[in-house]
Amino acid sequence: TTAQIGVTGLAVMGRNLARNFARNGYTVALHNRTVSKTRELVENFGDEGDFIAAETAKEFVAALERPRRLVIMVKAGDPTDAVIEEFAPLLEPGDMIIDGGNAHFADTRRREKALREQGIHFVGMGVSGGEEGALHGPSIMPGGPKESYDSLGPMLEKISAKAADGAPCVTHIGPDGAGHFVKMVHNGIEYADMQLIGEAYQLLRDVAGYSPAQIADVFRTWNTGRLDSYLIEITAEVLAHVDAATGKPFVDVVVDQAEQKGTGRWTVQIALDLGVPVSGIAEAVFARSLSGHAGLRAASQGLAGPKPTPLSEAEAAAFADRVEQALYASKIVSYTQGFHEIQAGSDEYGWDVDLGAVSSIWRGGCIIRAAFLDRIRAAYDARADLPSLLSDETFAREIAGAQDDWREVVIAATREGVAVPGFSAALAYYDALRAERLPAALTQGQRDFFGAHTYRRVDREGAFHTLWGGDRSEVTA
Ligand code: NDP
């Protein structure tokens with residue numbers, strides 16, 4: 001027998017992806033550097049479907065039907081290159097290597113180019129949804145050559161998550177690194193979503209004076225409305241959880257230093273390179289890094305802050321409603337920024353990414369799955385070349401309805417001394433974008449003054465310079 005697909009790298013992600021393929025009726029070849037993991041998989045889950053366990057790279061490649069489809073699910077970075085180097089010489093033109101790890105899209109572009117020269121199709125494939133997603137249906141973001149999707153796509157559509165309307169959460173994102181780029185921005189948006197939820201929690205705790213259990217109930221209520229999403233749902237679960245050892249709310253016994261693995265940071269680094277303002281995502285990454293600076297935080301204890309204003313029960317409830325508005329409006333801004341980055345990447349690298357399709361495949365399987373994504377899908381359906389999510393009529397109307405409360409929440413946070421970098425960065429982005437005039441004109445004047453960098457005028461074409469050190473007359477540059 002031959003396998004329709006093979007998976008090498010059988011840690012939690014690869015193992016679950018392999019089982020998912022097998023459960024969907026495909027014969028799956030298995031390989032792992034450490035052979036015992038391959039055996040364990042067959043021993044524990046062999047009855048779930050048809051597996052062919054291979055001990056060597058040669059056996060693994062021989063077990064695959066042609067053209068071969070070989071999924072790599074190993075640690076991103078050097079291990080991925082090592083595995084590619086091991087397998088590429090054993091493959092033939094037309095075969096396919098699919099990297100499902102969290103690779104940097106620039107690495108994917110490099111690998112795709114090198115393998116293309118050998119006639120091998122290289123598919124950089126973003127996979128979201130963690131280990132549960134990999135097993136029961138992830139959101140999948142494959143890049144690489146379009147023709148590879150013709151043979152790989154139907155298999156991915158089978159194993160992927162399905163949105164509420166039944167649509168598979170996978171689409172061909174675009175050539176070379178497009179899939180990993182979109183996965184990267186997905187993770188950046190995930191950071192921003194989590195930060196905004198964290199700020200909402202802190203405001204309900206410090207300004208409204210709610211307990212974690214009460215806040216869990218607030219989040220449960222929000223989860224029945226327009227904020228309905230996986231992250232809001234699990235937030236309620238985490239907040240309601242009580243530590244067995246101490247009887248305290250779980251959230252109070254966890255060290256408040258957030259960790260990160262890098263995709264959020266990449267999203268911001270690449271945004272800087274592309275010149276895309278993703279302030280909400282950047283604030284989320286910085287907030288995690290600030291939380292980790294234990295020494296700096298310890299040294300700052302005792303710095304002056306405002307006196308808290310206690311709220312009545314009715315005031316607290318009204319404030320909680322306002323926080324929902326602020327959270328929703330800020331979320332619209334995060335997605336606006338993330339989709340802008342995808343558009344900019346697509347333009348820069350000629351990927352022709354369909355933003356509506358991206359929002360569509362994030363509706364199921366992945367961490368940021370949410371009812372909200374249906375609305376983004378609708379926005380791009382209404383207008384495929386939407387310049388920004390904020391220019392969609394529905395979103396603009398919703399923000400118009402939320403903005404008073406959004407401002408009040410940022411004011412209250414400022415007054416009470418609660419840091420809300422996500423909410424306030426989102427609001428600043430919104431206000432700057434809608435401003436008729438920005439102080440950038442003054443910036444240009446300063447630049448011309450100290451560096452003769454020239455400026456453009458509102459009333460005439462061309463570049464100009466003022467003779468600041470002389471008679472201050474204007475010359476054409
Ligand atoms: P790990 O990232 O922990 O990687 C472990 C696997 O990599 C093992 O199979 C290991 O083999 C193999 N490996 C490491 N170095 C080498 C090498 N030099 N040569 C050959 N094989 C090597 O596993 P995960 O399952 O957590 O993740 C796999 C990929 O999926 C990663 O790129 C990760 O970023 C990505 N990902 C993970 C998610 C998650 O929730 N965990 C979600 C989405 C993507 P051995 O057993 O021999 O050590």
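One-based numbering, in listed order, for ligands and for the atoms of each. Computed from heavy atoms alone, side chains included, the values below leave out hydrogens, waters and symmetry copies.
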Taking the ring of Y429 and the ring of W406, is the distance between their centroids below 6.0 Å?
no

Please report the interatomic distance CD1(I270) to CD(E341), rounded to the nearest 0.5 Å.
7.5 Å

Taking side chain to side chain donor-acceptor pair (under 3.5 Å) as the cut-off, I'd like each qualifying pair that reaches into residues 276-291, sequence neighbours left out, listed once.
S279-Q337

Within residues 225-241 or reaching into it, pairs that qualify as side chain to side chain donor-acceptor pair (under 3.5 Å) - sequence neighbours excluded:
R226-E324, R226-Q325

Those residues at least two apart in sequence (or on a different chain) that pass salt bridge (charged side-chain N to carboxylate O under 4.0 Å, His left out) with D321 are none

Lys NZ or Arg CZ of R19 over F45 ring: under 6.0 Å, within 45°:
yes

Which protein residues have a heavy atom closer than 4.0 Å to any atom of ligand 1, listed by chain and number?
G9, L10, A11, V12, M13, N32, R33, T34, K37, M73, V74, K75, A76, P79, V83, G101, N102, V127, G130

